[in-house]
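Following: one structure in structure tokens, then a few remarks.
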Amino acid sequence: GSKAPAGETGPIKIGSIMPISGPVSAYGTQSRDAIIMAVDEINAAGGILGRQVEAIVEDDEANPEKTKSAFTKLVTDDGVIGIVGALTSKCSLAITADAQARKIIMISPSSTNDTVTDAGDYIFRSCYNDSFQGQVVASFAYKDLKAIKAAILFDNTNDYSKGLTQTFKAKFEELGGTVVSEESYATGDMDFNAQLTKIKGTAPDVLFIPDYYNTVSLIAKQVKSQGLTSTMLGADGWDEIANNAGDEVVGSYYSNHYSPDANDPEVKAFVAKYTELFGVAPNALAALAYDATYILTDAIAKAGSTDPEAIKTAMMETNKKFVTGQISFDAKRNPIKSAVMVELVKGTEPNKPAVKYAATVNP
Amino acid sequence: MINLKNRAFNILTLTLVSTVIFVILLILQYFKVISEYTGLLLTLAGIYVIVSLSLNLITGFTGQLSLGHAGFMCVGAYTTAIAIIKYGMPIPIALILGGIMTALFGLAIGIPTLRLRGDYLAITTLGFGEIIRVIIVNLDSLTGGAAGLKGIPTFSNTGDFIIDAIIRFSWVYIIMILVIAVIHNLINSSQGRAIISIREDDIASTSMGVNVAYYKVYAFTLSAFIAGVGGGLYAIFFGYLNPAMFGWLNSVNFVVIVVLGGMGSITGTIIAAVVFTYLQEWLRVFADFRLVIFGLALIILMIFWPKGLMGNKELSITGFIRQLRSGEFSPRQIKTKWNEFRQKKGRKKDGRAD
Amino acid sequence: MEFIQQMINGISLGSIYALLALGYTMVYGIVKLLNFAHGDILMLGAYAGFFILTFMGVTPASMLVAFIFSMTICAILGIVIERTCYKPLRTSPRIAALITAIGVSTLIENGARVIPFMGPNPKQFPTFTSINYDVFGINISMVQIVVLGVSIILMVLLNYIVNGTKMGKSMRATSYDMDAAFLMGINVNKVISFTFAIGAALGAAGGILYATAYPQVQPYMGLMPGLKAFVAAVLGGIGSIPGAMLGGFILGVAETLTKGFISSKLADGVAFGILILILVVKPAGLFGKNTNEKV
Amino acid sequence: MAVLEVKNISIEFGGLKAVSNFNLKLESGELVGLIGPNGAGKTTIFNMLTGVYKPTTGDIFLSNRENLTKRVNGFKPYQITQNGAARTFQNIRLFKDLSVLDNVLISLNFNVKYNSLQAILRTTAFYKEEEKLVEKAMAILKIFNIDTKANELAKNLPYGEQRKLEIARALATGPNLLLLDEPAAGMNPQETEDLMKLIRFIRDEFKLTILLIEHDMKLVMGICERIIVLDYGQMIAEGPPEEISKNPKVIKVYLGEEVEFDA
Amino acid sequence: MLKVDEINVFYGTIQALRGISFEVNEGEIVTLIGANGAGKTTTLRTISGLMRPKTGSISFLGQNLLKCDASRIVEMGLCHVPEGRRIFANLTVMENLEMGAYTRKDTKNLKADYDIVFHRFPRLKERIKQIGGTLSGGEQQMLAMGRALMARPKLLVLDEPSMGLAPLFVSEIFSIIKDINKAGTTVLLVEQNANMALSIANRAYVIETGRISLSGDAKELAASSEVRKAYLGGK
Ligand SMILES: Nc1ncnc2c1ncn2[C@@H]1O[C@H](COP(=O)(O)OP(=O)(O)OP(=O)(O)O)[C@@H](O)[C@H]1O
Ligand SMILES: Nc1ncnc2c1ncn2[C@@H]1O[C@H](COP(=O)(O)OP(=O)(O)OP(=O)(O)O)[C@@H](O)[C@H]1O
Ligand SMILES: [Mg+2]
Ligand SMILES: [Mg+2]
């Protein structure tokens, strides 16, 4: 295998693979900025193991093919010892087997698909996975909202959306509710009237829409114009919806990794600094990428060397409060942490909803 | 036309040249002169060459625009992967199976669409490609659906990454050479001429005794077979498949490669496929500007080389030597050509003035 | 009841496809170019509307300004694109122009992503508060009615231009034989520019209507509708104006009914399946003339 | 023995009877002219004979070189060609972007003695056969005096040579019956004269039966042994040139009064 | 009226015309004759603006044609009936004729002109609604000619108008040419049927591989043995 060829004195190289271009670049650039911010902080504080940290970011356009070549470049040409990435699950899945084989520590900040960490003990993530999140939303719906009938509208061509659908459904039905209708669409669809008409016929209490905010904001408008009154529920993909939708989403809930309005000092410091540096408030993925960088560098520091074996062991010992909460790893290298449910409420201006912390749901 | 006199020489040079290039590349990779990353790109380029050549067979040589080649690749990839994962088949058999399965799809598409021409055929193949994707997304239990298919064992697992990379490269390279040979030999034969005549004028073609329908379907099926094998290699190469890897925009990429290389030119396609693969990587540093540059490049290339790099000609070493000998590249010749070029430019300016 | 509602959903989706297919078919009909960039013109048109509406607020007057502004800008852009990118390729193989169109499309989409005031992030498109009519339990929205109305008006108008005016005559002549058209004294360059201008203006109008129906703008927003419009145009027989219209409706209704009554997972598959079936039966589309050349 | 026998064929285009109840019998070795005013249906008859159009009624019988006679109604054009009838086109339809040699080689494709697998594997059979094909093609080109241009692209030939290549290409399919549609169109009188000699020569050399359409009376009257005159899709006269040229009906609808020709 | 001066025209790198010069005066019939591939069609295409010469100049009615695009040239009154007919294959016969009148401003007289065309070519009248592309070769040739007549040009440029026409119509075409010439239209004619062409023309030029090799009075040229041998066939 290729051990980090960098001499004991050179910088410690960390790779990152993010979609800087392509359809989800909005997420990728924020995550990249957060990673660089973290690395700069670490270097300003004197680095780790007495060495500076260098982050090398490669763009994969959220295309698994590019993720693979970016990974190979980072590992064989640049000699990175760990990877923060990839962003989407399908991209991460394209490299997990390679990372495991080459003993490269990989920590994905945001790939929530359950199977991402299956490839082996070198693969970690800083976000919770779809099963967990689906369960959180389902129990919130059943217990807190007292919903009995749920409908789901999901993206059938997106693993994230599909994964959440399955776990939500399983948990909701286990709790005693019924999923009265389950409709889908394909990535890029803009018209959901057909599905919504069908859903309306089943009169659900809640409508679970596990997708990203840009699609959700479109769906929400059509939900309202169809006169469908069920409470809408979402997951972490809804992050940023408050800035991208109007009053039609008011009254909906979604699960997230953290709530920027929380009173935690870590959160406050991170949000303030990020906003100052980049001019926009960080989204949840940025926070996760920031945390992932720290989890990795902390482990290197704790391991006292760049030996992958040692870092891996140190990673497993992580137990600390980060921006997105207290994090430690379970046996499958998923973080053990709590999720928050946030509610969308009327903002100060019309058509500018605000986010309100609703509940913390623990595993 | 086939140069009959040089027949032994041709076969010999072809085998020799390809073997020598192969061995050199292997040695370079082994001694890390070519980095593993470059090696990976070379391998990927090989797969692109295979699929692009198969597309060229129908688009360049038969003259039928297909926008569904990623769909063919997809069928081959999934078939091969499933054959290996679920049924434990050895790689060669799985690859052939992938090819056959795709050929069946090709046949199923080729026959009903025989009457379609040009853009109507293009949109139909695009539709088939998308239907294939819809099927694969919905066959969750077999294909992993939207989450993709993981854990496809790679070509070898020696524990030494360099050796593994070399083995992987060899698989792709050898199959690529075979594909080149098959297409080249087919095109330069009576059957190949029949295929080309369809592109030129199908009414004249059928009037000269060419069974147009047969050869169209033949080319379509063979093309699908090769694309399927390419897809199979891709699956093993990646170890992971996702339906999103085979969208219609990927099909468009293959069309771009074929046109840039020159419709109906084998060497053109090869060069374009390799350049395309590398360009994708090199331009990555430009982040969001990458595709801006790419778009611009496409426009400029087409305006200046509307027939692609090679037109329908082939790059040939012997031809090049012949040109050298004939003094085509003698200093004097080059000088006159340069002068002609300058004159032409000068005149263009005048042209604008009036 | 649900069936009627789904039909209405389908027709309103179809009218959007139809509107876009019109622009496609226009350009294709005259220059035989699959203008891959048509969807991107739609995007630019929607952005132009977006700027006007954010700047002026949403009123009927500003809506009108948005339409005029965006259609004008896009028409000019259409002409510029034609002059710089397609004109040099008129005598080249058609596929070269197709690749150029792909290049133009890539350039516009990704250019929009790097232009600071557009950027990669989706933006909310300002709209009127939606008015819904509830007729015997059937839900129709104002936007649906407007889109349908505008598409039909534009189709009639286009049909008139192409079949009833001198310009239309020159357009048809140009489409059949460019050299011969020159020899009749037709200024082919002007005709083609006009065609592109109209095509692009239609795209822009489509963009604003599209963004009103699905209120969001982002650089890749033209991709899917562009593809669907392409399918609709082919379905109807490329080059045929009523064909494009019908193709759009068939596609919209087929998609919606599949989602409503078969399975939403198969919608795209079924839509393409219908396309293929129709083409296998009618190889030149529904309204396409199967011009068998005389031997 | 009859090479071609056409019984009562008719075809309509949207109500217009382009050809009605046309009968024709060509004996082996004949050189027959088919003339008639513009739009009389001559090309349409060719199109029916070669399978491009399907006659609405009637039968067509065609014999190949082995004297095997088949009823060829509804055959595809390639099947007709393979059964021994080849044609040229009124509007030249060469494979423009291919070489002159390739144009001829394509016509040899259906008799080729190797299959595509042998071609791909480049077996000896392949090389032997290729060599033969090229020889054969060159021989045909030589007859038309365009063998020196074998490697030029067809579209770069002057019009007259393109017409010759069309004939060469049709000849290469090894036909029993050759159908020529206005072979002299666009040729000047001198070239037409050369062409006449050529047509006679190939007829004798290849033992062909030839049916030709032509408006150049010098050519038609000069080489045809029998002439069939068509008007509005119906045969109005048939006979040797001398007779036809004096037939008042033919003069009225086709030849015109003032035209004199020196055959 | 038309003056072509030293034009050199290329197809890519192939030079098709090598310094061709000639002129056509008002009221004349001038014919260009020459073997296949001599460059006659190329000359006509260059005059009507479909191709551009690399060097040389062309003027029509005192204006420099190289400054005008093809459509402008037609408006000036130069009408070209191209080789291979180039009728609009998807338009009906009537629509094709209407296209011919595209530049006409005097719409009043159109009706009369249609009648003239239909009188000349009764076959076209029979097929008035037929799609141009499905006409027979000769019918298409008639349509091309009829279309040109509808334009009422000052200078009519004809490229092999008799190609593919039945003998009866060949003489008809030539009598039409004579008639419209009498009515005031100048004609530049390219014909393979050199006998006929020379018999109606005032003057003639012989083109040989892109150059003018002979020129002069049509009757005299027709009589010269050189021309007889090369272009008029035998004897
Ligand atoms: N596909 C078609 N559709 C409609 N009419 C047709 C079609 N093909 C031919 N015709 C008509 O049938 C008649 C016969 O045409 P054909 O081409 O056979 O004439 P021809 O005798 O070859 O004439 P020419 O000497 O001018 O070539 C013509 O009037 C023509 O308009
Ligand atoms: N598109 C083209 N590309 C290349 N060469 C061409 C092209 N068109 C014509 N030529 C060449 O230019 C020369 C002149 O051709 P042109 O068509 O003007 O001859 P022509 O005198 O009209 O002959 P014809 O009597 O056959 O119509 C010929 O040598 C021909 O091969
Ligand atoms: Mg004919
Ligand atoms: Mg000519």
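Here is how names work: the chains are called A, B, and so on, in the same order as the sequence lines, proteins then strands, and each is numbered from 1. Because only heavy atoms are used, hydrogens play no part in the values below, and waters and symmetry mates are left out as well, while side chains stay in.
- In this structure, the separation between CZ on B/Phe238 and CG on A/Asp98 is 9.5 Å, given to the nearest 0.5 Å.
- Within the cation-pi definition used here (under 6.0 Å to the ring centroid, within 45° of the axis), A/Lys68 qualifies as a partner of B/Phe237.
- In this structure, chain B has heavy atoms under 4.5 Å from both the backbone and the side chain of A/Ala101.
- For the atom pair B/Met245 CE and A/Glu65 CD, the distance stands at 6.5 Å (nearest 0.5 Å).
- A salt bridge is defined here as a Lys NZ or Arg NE, NH1 or NH2 lying under 4.0 Å from an Asp or Glu carboxylate O, and A/Glu61 with B/Arg290 meets this definition.
- A pairwise comparison of heavy atoms in A/Lys162 and B/Ala146 identifies NZ-N, 3.7 Å as the closest pair.
- Rounding to the nearest 0.5 angstrom, the gap separating the OH atom in B/Tyr240 from the OG1 atom in A/Thr96 is 9.0 Å.
- Interatomic distance, CG of B/Leu40 versus OG1 of A/Thr76, reported as 8.0 Å (0.5 Å rounding).
- With a 4.5 Å cut-off on non-hydrogen atoms, B/Asn157 does not touch chain A at all.
- By number of non-hydrogen pairs under 4.5 angstrom with chain A, the leading residue of B/Ala244, B/Ala147, B/Gly151, B/Gly148 is B/Ala147.
- B/Tyr234 touches chain A through its side chain: at least one heavy atom from C-beta onward sits under 4.5 Å away, while N, CA, C and O do not.
- The greatest number of non-hydrogen atom pairs below 4.5 Å with chain B, out of A/Ser25, A/Ala97, A/Ala70, A/Ser184, is found for A/Ala70.
- Counting non-hydrogen atoms of other residues, nucleotides and ligands closer than 6.0 Å to OH of B/Tyr278 gives a total above 12.
- Looking at A/Thr187, there are no atoms closer than 4.5 Å to chain B (heavy atoms on both sides), in backbone or side chain.
- Interface residue B/Leu44: only side-chain heavy atoms are found under 4.5 Å from chain A.
- Taking a 6.0 Å sphere around CE of B/Met176, one finds it holds more than 12 heavy atoms contributed by other residues, nucleotides or ligands.
- In this model, no donor atom of one side chain and acceptor atom of the other lie less than 3.5 Å apart for B/Glu36 and A/Thr72.
- Going from atom CG of B/Asp140 over to atom CG of A/Asn156 covers 7.0 Å, rounded to the nearest 0.5 Å.
- A/Asn63 contributes atom CG, which lies 7.0 Å from atom CG of B/Asn250 (distance to the nearest 0.5 angstrom).
- Residues B/Arg284 and A/Ser69 come closest through the heavy atom pair NH1-OG, 3.8 Å.
- B/Tyr37 touches chain A through backbone and side chain together, each having a heavy atom under 4.5 Å away.
- Neither the backbone nor the side chain of A/Asp155 has a heavy atom closer than 4.5 Å to any heavy atom of chain B.
- Only the side chain of B/Asn138 comes within less than 4.5 Å of a heavy atom in chain A; its backbone stays farther off.
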